[in-house]
Amino acid sequence: MTKAMGAAMRRIQAGNALSAFGLGFTVPYLYVYVAQVRDLGASTAGVVLAVFAMAALLVLPFTGRVIDRRGPLPVLVGAALLASVGALSMGFATSVPAAVASAALLGAGTAVMQPALATMIVWCSGPATRTRAFAMQFFLQNLGLGIGGLIGGQIVDESHPSSFTLLFSIEAVMFLVLAGIAGSVRMPRSTVVSDARPKGERGAGGGIRAILGHRAMVQLCVLGFVLFFACYGQFESGLAAYGTEAAGIQPSTLGIALAANTAVIVVAQFLVLKFVERRRRSRVIASVGLIWAVAWIAAGYAGLGHGSQAMATAAFVSTYALFGLGEAMLSPTVAPLVADLAPESMVGQYNSAFALVKQLALAVGPAVGGPMGAALHGPYIVTFVLFSLGITFLALRLGKKLTLAQDHPAAAATSRVVAVHLPEQAPANA
C-alpha cells in the first residue's frame with residue numbers, strides 16, 4: 001500500500017466509523033419512535049420499516065453502474081447527504097406521510113453507502129492488504145454502532161419526543177461528517193486481482209448479464225443469501241421471537257445477547273485475522289457454517305431442553321456470541337472475495353449486486369423466520385441448522401471455482417504459477 005493509499009484509507013475508515021456511530025443512535029429505537037413516541041401506531045411503524053428496506057432494494061440495482069462510471073466518491077457523498085436529509089426529517093416527522101418519506105430517503109441513502117464504501121476500500125488497497133482493510137471496516141462499524149446505541153440509550157425518553165429529535169439530528173450530522181471526510185479524500189485507484197473472470201466464461205462486457213455469466217460470482221451470491229438469511233435475518237425477528245416464546249427469555253436479556261454478539265466481534269476480530277489470512281477463504285466460510293450450526297443447536301437447547309432457566313439463558317446468549325465469532329471470520333473474507341472476483345471496470349457493480357443480495361436476505365429472513373420462531377419451535381431450529389450446514393457445502397463448492405489468487409491471496413503472493421490457475425478454463429479452440 002502506498003502512502004497516498006494509506007492516507008485515503010484512514011479517512012475512509014474514520015468516516016465509516018462516525019456514520020456507524022450515528023446509525024447506532026437511532027436503529028434500535030426506530031420502531032418505538034414511530035409507533036409510540038409519535039403515536040402513529042404499530043402498523044405504521046411496520047410500514048416505515050418495510051419502506052426503509054424497500055427503498056434499498058429499489059436503488060441498489062442502479063448503484064453499481066453509476067459507481068463504475070462516475071467513481072465511488074461522488075456516489076458516497078450524494079448518498080450521505082440523502083441519508084442526512086432523511087434522518088433529520090425523521091426526527092421531526094409527526095405524520096404518516098412524513099415518516100414514510102423520511103424512511104425512504106434514509107433507507108436509500110444508507111443502502112447506497114455500502115457498495116460505495118466497499119469500492120473505495122478496494123481502490124485504496126491491494127490484494128495483500130484488502131483482507132485487513134475490510135476487517136478494520138467491520139470492526140469500526142460494530143464499535144460505532146455499539147457505542148452509539150449505548151449513548152443513545154442514555155438520551156432517549158419516550159415521554160419527550162425532543163430527545164428522539166436530538167438522536168436523529170446527531171445521526172444527520174454524522175452523515176454530513178462522512179460526506180465532508182469523503183469529499184476530502186484523494187482517491188488512488190487500485191487494481192483488482194487479474195483474471196477475475198476465467199477465460200471461456202460468458203458475460204463479456206458489463207451489467208447484470210455479465211455478472212450472471214460469471215459462475216463463481218453467482219455461486220457467491222447464492223452463498224451470501226444463505227449467510228445473511230441464516231444469521232442477520234434472524235437476529236431481531238425469528239431468533240428473538242423464539243427466545244421469548246420457547247426459551248422464556250426476558251426482553252432485557254435480548255439486549256444482553258446482542259451486546260454479547262458485538263463484544264465478541266470487537267474482541268475477536270483481529271485475533272482471528274491471522275487464522276483467516278493463512279487459510280483458503282472458501283474453507284474459512286465453510287467453518288463458519290459449522291460454527292453457526294453449533295450456535296443453532298445451543299439455541300435449540302435453550303428453548304427445547306429441560307435445563308434450568310439460567311442454563312437456557314446462558315445457551316441463548318452463547319448463540320449470539322457464536323454468531324459474532326462467525327461474523328468476525330466472514331468480514332475479512334467475503335467482501336474482499338467479491339472485490340477479487342470483479343473485473344476492474346465492474347467493481348462497483350459487483351459490490352452493489354452483493355449488497356442487493358444481502359438486502360433481499362434481510363427482507364425475506366424476518367418474514368420466514370418470525371412466524372416460525374414464534375410458533376414452530378422445533379422445525380425452526382432444525383431448518384436453520386440445515387441452512388448452516390448448507391453454508392459449509394456451498395462454500396466448499398465455491399472453492400472449486402476460484403483461482404488461487406481469489407481463494408488464498410497469501411499463498412498466491414509466493415506462487416509463480418498463480419496467473420495460469422484458471423478453473424474450468426475453456427479449450428483454446430472452443
Side-chain angles (χ1 to χ4, degrees), residues 18-55 82-110 141-178 235-241 243-245 247-263 313 316-317 320 366 370 373-374:
L18 290 171
S19 64
F21 175 72
L23 278 170
F25 270 88
T26 62
V27 168
Y29 314 110
L30 185 57
Y31 181 89
V32 172
Y33 171 72
V34 175
Q36 300 177 15
V37 176
R38 292 303 185 186
D39 198 24
L40 299 178
S43 59
T44 299
V47 170
V48 166
L49 293 174
V51 168
F52 187 89
M54 289 301 299
L82 186 67
S84 180
V85 173
L88 187 62
S89 60
M90 181 66 78
F92 292 94
T94 57
S95 64
V96 173
V100 170
S102 300
L105 294 175
L106 187 57
T110 54
Q141 278 182 339
N142 280 274
L143 189 63
L145 285 169
I147 295 175
L150 286 174
I151 297 176
Q154 305 305 310
I155 296 176
V156 294
D157 185 347
E158 293 182 29
S159 61
H160 292 86
S162 60
S163 66
F164 286 85
T165 301
L166 176 61
L167 291 187
F168 284 104
S169 298
I170 293 173
E171 181 182 32
V173 170
M174 290 298 102
F175 287 137
L176 290 177
V177 171
L178 171 60
F235 267 9
E236 297 175 3
S237 57
L239 191 54
T244 54
E245 296 292 338
I249 301 299
Q250 296 297 316
S252 59
T253 306
L254 293 177
I256 296 174
L258 286 169
N261 173 266
T262 301
T313 300
F316 188 77
V317 172
Y320 279 79

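This one's a predicted model, so the numbers in the text were calculated from it and none came from an experiment. No hydrogens, no waters, no symmetry mates; every other heavy atom, side chains included, goes into these values. We're numbering straight along the sequence, starting at 1.
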* Sub-3.5 Å donor-acceptor pair from the side chain of Tyr33 to the main-chain atoms of Met90, do we have one? -> yes

* To do: Could you walk me through whether Leu145 and Phe21 pass side chain to side chain contact (heavy atoms under 4.5 Å, CB included), step by step?
  => CA-CA 5 Å; Leu145 285 169; Phe21 175 72; over 6 Å; no

* Can you check whether Ser95's main-chain N or O pairs, donor with acceptor, with Arg38's side chain at less than 3.5 Å? -> no

* For the atom pair OG (Ser84) and CG (Leu178), what is the distance rounded to the nearest 0.5 Å? -> 10.0 Å

* Nearest heavy-atom neighbours spanning Ala99 and Val48 -> CB-CG2, 4.0 Å

* Structure fact -> Correct closest heavy-atom pair for Ser169 and Leu88 would be OG-CD1, 3.8 Å

* Asked: So, for Ala55 and Gly107, which heavy atoms are closest and what is the spacing to 0.1 Å?
  -> CB-C, 4.2 Å

* To do: For the residue pair Thr110 and Phe175, establish whether any side-chain heavy-atom pair is separated by less than 4.5 Å.
  => yes

* Please name the pair of heavy atoms, one in Ala108 and one in Leu82, separated by the smallest distance, quoted to 0.1 Å. => CB-CD2, 4.1 Å

* Begin from the C-alpha positions of Leu166 and Ile155 and carry the test side chain to side chain contact (heavy atoms under 4.5 Å, CB included) through to its verdict. => CA-CA 9 Å; Leu166 176 61; Ile155 296 176; 3.9 Å; yes

* Asked: Is a donor on one side and an acceptor on the other found under 3.5 Å between the side chain of Thr262 and the backbone of Ala259?
  -> no

* **Rounded distance [0.5 Å steps], CG in Leu49 versus OG1 in Thr44** => 11.0 Å

* **Ring centroid separation Phe168 to Phe92 under 6.0 Å** => no

* To do: Output yes when a side-chain donor or acceptor of Thr165 lies under 3.5 Å from a complementary backbone atom of Gly91, and no otherwise.
  => yes

* Locate the shortest heavy-atom distance separating Gln141 from Ala20; write the atom from each residue and the value. => O-CB, 3.5 Å

* Do Val47 and Val100 have side-chain heavy atoms sitting under 4.5 Å apart? -> yes

* To do: For the pair Leu239 and Phe316, evaluate side chain to side chain contact (heavy atoms under 4.5 Å, CB included) and give the outcome as yes or no after the intermediate values.
  => CA-CA 9 Å; Leu239 191 54; Phe316 188 77; 4.0 Å; yes

* To do: Say whether, by atom type as modelled, one donor and one acceptor occur between the side chain of Tyr320 and the main chain of Ile256 under 3.5 angstrom.
  => no

* Test Thr26 against Leu30 for side chain to side chain contact (heavy atoms under 4.5 Å, CB included), laying out the working first. => CA-CA 6 Å; Thr26 62; Leu30 185 57; 6.0 Å; no

* Which atom of Gly86 lies closest to which atom of Ser102, heavy atoms considered -> O-CB, 3.7 Å

